[in-house]
Amino acid sequence: RPRALLRLLLRRVRQGMIVLDRFAGGEAVLVGDEGPFRVPRSALPPNAREGDVLVPADGRYLPDPAKTAQRRAAMRARLRRLTGQTHRNP
């Protein structure tokens, strides 16, 4: 059930974005509006992390720190609302 909740959160927050879902061997699995797709890990900078919002640029995908922070904050807020948590844990 927690995994299904997380998938719902991801689906609702990432509309219009490309998000780094995970690394699988030498590939990165990205998720966009059309669903998941794979690119070579070399198409991302070494500091790219799972959950980063990415912007395509010249055959590569670059993290967008502002959109990533906004997305993570929205996901945290939505999770707190769904779980009934009203305060932030340290």
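Just so you know, these numbers come straight off a predicted model, no measurement behind them.
Inter-residue side-chain proximity for Phe37 and Ile18 is flagged as met; some heavy-atom pair is nearer than 4.5 Å. Counting heavy atoms from C-beta outward, Pro45 and Arg60 have side chains that approach closer than 4.5 Å.
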Stepwise salt bridge (charged side-chain N to carboxylate O under 4.0 Å, His left out) test for Asp64 and Arg71: CA-CA 11 Å; Asp64 183 325; Arg71 178 179 174 272; over 6 Å; no
Test side-chain contact (heavy atoms from CB on, under 4.5 Å) applied to Arg72 and Val53, step by step: CA-CA 10 Å; Arg72 287 185 174 142; Val53 175; over 6 Å; no
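Checked options Thr68, Val19, Leu30, Leu62; the residue passing with Leu54 is Leu30 (criterion: side-chain contact (heavy atoms from CB on, under 4.5 Å)).
Salt bridge Arg22/Glu50: absent, no basic N to carboxylate O contact under 4.0 Å. With salt bridges taken as basic N to acidic carboxylate O contacts below 4.0 Å, none links Arg38 and Asp21.
Pairing each heavy atom of Tyr61 with each of Val39, the nearest pair is CE1-CG1, 3.8 Å.
Note that the CG atom of Leu44 and the CZ atom of Arg49 stand 13.5 Å from one another [nearest 0.5 Å].
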